[in-house]
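Okay, structure first, notes after.
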Amino acid sequence: DAMVIQNPRYQVTQFGKPVTLSCSQTLNHNVMYWYQQKSSQAPKLLFHYYDKDFNNEADTPDNFQSRRPNTSFCFLDIRSPGLGDAAMYLCATSRTRGSGHEQYFGPGTRLTVT
Amino acid sequence: KQEVTQIPAALSVPEGENLVLNCSFTDSAIYNLQWFRQDPGKGLTSLLLIQSSQREQTSGRLNASLDKSSGRSTLYIAASQPGDSATYLCAVFGGGADGLTFGKGTHLIIQP
């Protein structure tokens with residue numbers, strides 16, 4: 001029944017070592033989002049894909065990249081993780097952009113940087 | 001830039017009480033508002049979605065209201081239970097942002 005799946009649930013990486021987080025969805029939604037949530041803070045949008053169209057938030061660091069090879073999968077790549085990148089990373093989907101569409105969230109991946 | 005504020009930041013009440021969580025947003029040009037629940041170390045569970053044209057939504061013991069013109073929403077929880085203990089997040093879609101803009105949440109503890 002899982003609709004938005006994130007792997008792994010917990011990821012430990014070393015300072016500066018590239019890491020990739022994965023998100024997949026069974027909803028066939030056009031839009032996929034990546035949010036970052038640091039401890040005791042509000043989730044913050046990093047970027048989103050509308051179909052194959054990539055949309056980066058203005059304040060998302062260049063260290064963060066994303067790929068969407070097909071409708072079902074989306075990846076978050078952190079090229080050189082720093083200690084400040086330790087956070088919960090949340091993937092979400094919605095049927096399309098624009099008004100009224102609910103966002104569905106995955107369980108998140110908690111990233112630790114040592 | 002849209003900003004979302006949630007009051008109170010934390011709340012502790014005895015089991016059985018009815019309670020209200022508050023959310024305010026600065027830009028009233030929103031498409032919808034969602035309330036989420038987040039358990040410690042976990043992802044987000046959607047509780048209620050209110051479209052901008054709606055005034056309220058209900059699901060079981062939960063009732064959410066929206067006053068778009070004043071930039072406010074409330075989440076009412078009836079007959080609270082210890083299992084309701086979690087952080088409740090309010091998020092709006094619209095107001096110039098491409099995704100949801102979240103508040104920091106209200107950390108709720110229901111005492112048995």
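Here the structure is a predicted model, which is why all the values come from computation and not from measurement. Just so we're on the same page: letters track the sequence lines, and every chain starts at 1. Atom set for the values below is all heavy atoms of this structure, side chains included, hydrogens, waters and symmetry mates excluded.
At a cut-off of 3.5 Å, with distance as the only test, no side-chain donor of B/Ser28 or B/Ser69 sits close to an acceptor on the other residue. Between the side chains of A/Thr93 and A/His29, a donor-acceptor pair is found at a separation under 3.5 Å.
The closest donor-acceptor contact from the side chain of A/Glu102 to the backbone of B/Gln34 lies at 3.5 Å or more, if one exists at all.
For residues 106-114 of chain A, heavy-atom neighbours of chain B at less than 4.5 Å comprise A/Gly106, A/Pro107, A/Arg110, sorted by residue number.
Contacts between A/Tyr35 and chain B at a heavy-atom distance below 4.5 Å involve the side chain alone, from C-beta outward.
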Per-pair distances, 0.1 Å, donor-acceptor, side chain in residues 87-94 of chain B, under 3.5 Å, sequence neighbours excluded:
unit_1: B/Thr87; atom_1: OG1; unit_2: B/His107; atom_2: ND1; d: 3.4
unit_1: B/Tyr88; atom_1: OH; unit_2: B/Asp84; atom_2: O; d: 2.6

Expected list for residues 10-17 of chain B: side-chain donor-acceptor pairs under 3.5 angstrom, two or more places apart:
unit_1: B/Ser12; atom_1: OG; unit_2: B/Gln111; atom_2: NE2; d: 2.4

Side-chain atoms of residues 36-43 of chain B: list all donor-acceptor pairs with protein atoms under 3.5 Å, sequence neighbours left out, distances to 0.1 Å.
unit_1: B/Arg37; atom_1: NE; unit_2: B/Asp39; atom_2: OD1; d: 3.4
unit_1: B/Arg37; atom_1: NE; unit_2: B/Asp39; atom_2: OD2; d: 3.3
unit_1: B/Arg37; atom_1: NH1; unit_2: B/Gly83; atom_2: O; d: 3.0
unit_1: B/Arg37; atom_1: NH2; unit_2: B/Asp39; atom_2: OD1; d: 3.0
unit_1: B/Arg37; atom_1: NH2; unit_2: B/Gly83; atom_2: O; d: 2.7
unit_1: B/Arg37; atom_1: NH2; unit_2: B/Ser85; atom_2: O; d: 3.4
unit_1: B/Gln38; atom_1: OE1; unit_2: A/Gln37; atom_2: NE2; d: 3.0
unit_1: B/Gln38; atom_1: NE2; unit_2: A/Gln37; atom_2: OE1; d: 2.8
unit_1: B/Gln38; atom_1: NE2; unit_2: B/Lys42; atom_2: O; d: 2.8

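Interface remark: of the candidates A/Ser94, A/Ala42, A/Ser39, A/Ala42 forms the most heavy-atom pairs closer than 4.5 Å to chain B. By number of non-hydrogen pairs under 4.5 angstrom with chain B, the leading residue of A/Lys44, A/Arg9, A/His48, A/Gln6 is A/His48.
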Apply ring-ring contact (aromatic ring centres under 6.0 Å, His included) to residues A/Tyr33 and A/Tyr49 and explain how you reach the verdict.
CA-CA 7 Å; A/Tyr33 303 85; A/Tyr49 271 96; over 10 Å; no
